[in-house]
Amino acid sequence: ETGVTQSPTHLIKTRGQQVTLRCSSQSGHNTVSWYQQALGQGPQFIFQYYREEENGRGNFPPRFSGLQFPNYSSELNVNALELDDSALYLCASSLLGQGAWNEQFFGPGTRLTVL
Amino acid sequence: AQTVTQSQPEMSVQEAETVTLSCTYDTSENNYYLFWYKQPPSRQMILVIRQEAYKQQNATENRFSVNFQKAAKSFSLKISDSQLGDTAMYFCAFIKETSGSRLTFGEGTQLTVNP
C-alpha cells in the first residue's frame, strides 16, 4: 500500500506567477482534500475533491482551483500568486462513503515561497 | 462555523514524565469527531488519537489518552511516559459528521521532550 505523495517538495515563485502542486492519493482512496498551513499556524481547509468533482470549499478565492483525475490523484493550482500564499500545502486522501468518519492520510506537503 | 482553540503555543516535558495539552472547541453540532494530530519536523501529519462525540468513554491509544468533556467542549491530550520522539507540533482538530473529510484545526502546541 503506497502512501500519499506530493510534488514538488519545495517551490519558489514570484508574485503574480502561477503554480501547480501535485498529490498522489493513497491506493484505494477516492477523495483528496487540500489544506494551506501558514508558518506557525494550523492547516486551513482549501477544498476537497471526490470522484473528480469539487465537494466542498473553504474560504479561499477563486484563484485557488483544483482538479482530480480518474486515478484520484489531484492538482492544486494557484493563479496570480501573492506574498501571503507562502505556506506549506498539504494534501490528504481518504475513502469517502465508508461510514460517518473517514481517516485522512496526509502527504509530506509542498513548501511554497512567494517572493 | 466551528472553531478550535489551543491556548498553549509551547510546552516542554522531561523524558518519562506526563504532559497534558489543552484544546477547546465551539460548535452547535451534536454529531462530530475530535482528533489529535502530530506533526514532526518531517511535516507529515500523523493521527494520534480520535474521539467520537457520542461516546462517553475517553479514547486511549497506548501512552496517549484524552479527557473529553462534551458539555464544557474541552478535549485534552495526555501523553504518559514521554519519549524524545514525541517532540512535535500537536494539533487538535474537529470534523462534523456530515462534512465528509473537512477538518478544522487549532493553532497547534509545540511540545518539546527534554532528555
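Each chain gets a letter, A, B and so on, in the order its sequence line appears, and its residues count up from 1.
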- Query: Using non-hydrogen atoms only, which part of A:Thr9 is less than 4.5 Å away from chain B: side chain, backbone, both, or neither?
  - Reply: both
- Structural part of A:Gln6 lying under 4.5 Å from a heavy atom of chain B: neither
- Item | chain B interface, residue from A:Gly58, A:Ala92, A:Pro43, A:Gly107 that has the most non-hydrogen pairs under 4.5 Å | A:Pro43
- Message: Could you work out, with ring pair (Phe, Tyr, Trp, His ring centres under 6.0 Å) as the rule, every residue matching A:Tyr49, not counting sequence neighbours?
- Response: A:Phe47
- Item | Worked check of ring-ring contact (aromatic ring centres under 6.0 Å, His included) between B:Tyr37 and A:Phe106 | CA-CA 11 Å; B:Tyr37 279 89; A:Phe106 284 82; 5.6 Å; yes
- Task: Sort B:Gln39 into side chain, backbone, both or neither according to what part of it lies under 4.5 angstrom from a heavy atom of chain A.
- Result: side chain
- Message: Would you call the rings of A:His29 and A:Phe105 parallel, tilted or perpendicular, taking 30° and 60° as the class edges?
- Response: tilted
- Query: With no hydrogens and no angle check, do the side chains of B:Ser12 and B:Glu10 hold a donor and an acceptor under 3.5 Å apart?
  - Reply: no
